[in-house]
Amino acid sequence: MTGPVRGPQPLRPRGDAPPPKTFVRGAHEPFGIRWFGTTALPGQLRHLAAEAFASGQLDSRDWMRAQQPAELLNEVARVLDAPGEGGTLTERLGRDVWIDFVADVGDDGDVSSAVAGMVFSEYALQDGSGRVLPRGDLLIFGGDTAYPLSSAWETARRLTHPWNRVLERLGEPTRLRALLGIPGNHDWYDGLDGFGRLFRRDPLRDRLDQERDADLDEQFRLLQGPSPSESGRAFGRIYRQLHLDEVAASLGLLEDAVAGAFAVLAGRKVKRISRLWLIGYRAVQEASYWLLPLAPGLDVWGVDRELRTMDYRQRLFFNRRKAGAEAPRRMLVSPDPAIAMGEPNRPGAEILQACGLDLEKDPVCYLTGDSHHYERRAIGPSMHVIAGGGGAFLHGTRVRRHAPGQEPACAFPDQATSRRLAAHVPFRLVAGTGGLMLHALCAALAALQLWAFRRGALPGWIASGLVAALALLIMWEAVPKRRERPWATLGVAAAHAAVLALVPLGAALALSRLLPQPASALLDVALSAFAGPFVIGHYLLTLVVTGLEHHQAYAVLGHPGFKHFVRLRVRTDGRVEAWTIGKADTLGAGPPELIDRFEW
């Protein structure tokens, strides 16, 4: 499994090299989420529950106590053993600060380990300067810590276990580093429970650092739970190709539900992982949002919009700092882009508004994820960077032409590659790459329609109309831009909903003259189970091509490639240098490459 290289490894620019035609997929548990299968079901259910709680004004931030900037600075300086004086981290360290930024991380276990290997390595620039990019003093997570929801168990399986295996191979850390994070929507699906167990400061861990108590250290190790055993790669590939991961996920859901029900009936607590951590890193924050003075004139802000908007506590917290004008330049770590696919993105725009910032006027280095690709663009005095390649499946970049002057400075993958990947969506959905739930649903609806037609034309057409109406409703709701482009959304959804409802009739008509009725009926349903997903896949592809929605189609592919992170150097004068490091074929042979470099 991929791991860090001891000593600096050469970092060469990727340039315009074409991506490989085939990509290596993970072959060890946990496998990547199948977003159209049972492995995504817990996230979807918890999404609905989280939205209901949010509507009821139940907010996990009620218990939080956000540290004042000087207080968080003291905590970070303590972890980094920075004995200096001053009101910023560079002054306390007496040198530049190095930061590693990664977002959208815990999914496929093998890919997660590969990303950890990139993050925990040092790199020697191959530009003749002889410069080395050391591992960051701070490791900042930009949201969505694990999928499908960031529970403590999923975070352990998909993030801390794979990352700690890599860290264990590095040996005992020579010094501690600080860990910071903001939550994304998948963190909120679990009410920030798993997020808090990883990122919230732990006084007991602080005591262990000071006293070096062997018994306490062993207790901490046991609290996190054992790392899962690994199967052989060949076995894992067969296991996934036969969709046994979906079967296991279904059984796991049933087991969890039964265990939870028995715990409630018996009056017992459901066993959970108490704490999560990464070897050699220490959590320092007390809330899901925070502010750290980095250098004279430069702060880093970490914001949290929950599932909807930033709350009044954060508005007061950040606006107080802004009103003081102590740091006119800001590095803003956000869970949502302000510009997505070349267009304004409402959640990110609302975050900027809540912070009282404008990218066109205020100098901001906007770091975000949520979109699982890399894109950088300069906006006035600001730099907008999407770096959501920390481990989750790939979202391609924009495939439509950009308006003149709106092209990004760098995109990974590029437009041509994203277009080529999107074209595979209908066929991959039919093949079951994204899961088999749609196949089962289309088969069930086809059986219902054919049963209705056998009772008469009127019941049959009523059933088909209901299927078309249901499909239209779901397809309409799946488009975030439906209110901005209602007619385009309605046209695309209505056309595909009608075709989807007619699939069983077409299959019956094609087969009725070739086979007797009982055999024909079974084949009608079987054919519909594959033709229906093709229609849905074509619908998702159409959304990408028309620019109505970009993410759901790529979820079908579960693509493991184009992973990356950003290494930043904050100079003592507040200037920022950054290098984006990644690989097109994350699990393939070859070292990481330099994807992009910028200054701000």
Item to check | Pair T145, H186: side-chain N/O donor-acceptor within cut-off below 3.5 Å | outcome: no
Checklist entry - Do any pairs count as a ring pair (Phe, Tyr, Trp, His ring centres under 6.0 Å) and have a residue in residues 70-89, sequence neighbours left out, and if so which ones? => result none
Item to check | Minimum side-chain heavy-atom gap R157-W153 below 4.5 Å | outcome: yes
Next on the checklist: Ring of W600, cation from R329 - is the NZ or CZ under 6.0 Å from the centre and inside 45° of the axis?
Outcome noted: yes
Checklist entry - Within a strict 4.5 Å, meaning less than it, do heavy atoms of the F101 and R567 side chains meet? => result no
Checklist entry - Who are the salt bridge (charged side-chain N to carboxylate O under 4.0 Å, His left out) partners of D362, not counting sequence neighbours? => result none
Checklist entry - Between H395 and F393, what is the ring plane arrangement, given parallel below 30°, perpendicular above 60°, and tilted in between? => result perpendicular
Item to check | Reported CZ-to-CG distance for the pair R95 and L89, which is rounded to 0.5 angstrom | outcome: 8.0 Å
Next on the checklist: Just by distance, no angles: are the side chains of D187 and S150 close enough, under 3.5 Å, to form a donor-acceptor pair?
Outcome noted: yes
Checklist entry - Below 6.0 angstrom between ring centroids: does that apply to W163 and F120? => result yes
Checklist entry - Hey, would you say the F562 and Y374 ring centroids sit under 6.0 Å apart? => result no
Next on the checklist: Quick one about N74 and R92 (side-chain donor to acceptor, distance below 3.5 Å, no hydrogens or angles considered), yes or no?
Outcome noted: yes
Item to check | Validation row: V300, V333 side chains within 4.5 angstrom (heavy atoms) | outcome: yes
Checklist outcome for this item: Taken in chain and number order and not counting sequence neighbours, the residues that satisfy salt bridge (charged side-chain N to carboxylate O under 4.0 Å, His left out) with R175 are D137
Item to check | Side-chain donor-acceptor pair present, D311, Q314, cut-off under 3.5 Å | outcome: yes
Next on the checklist: Determine whether the aromatic ring centres of residues H559 and Y554 are separated by less than 6.0 angstrom.
Outcome noted: no
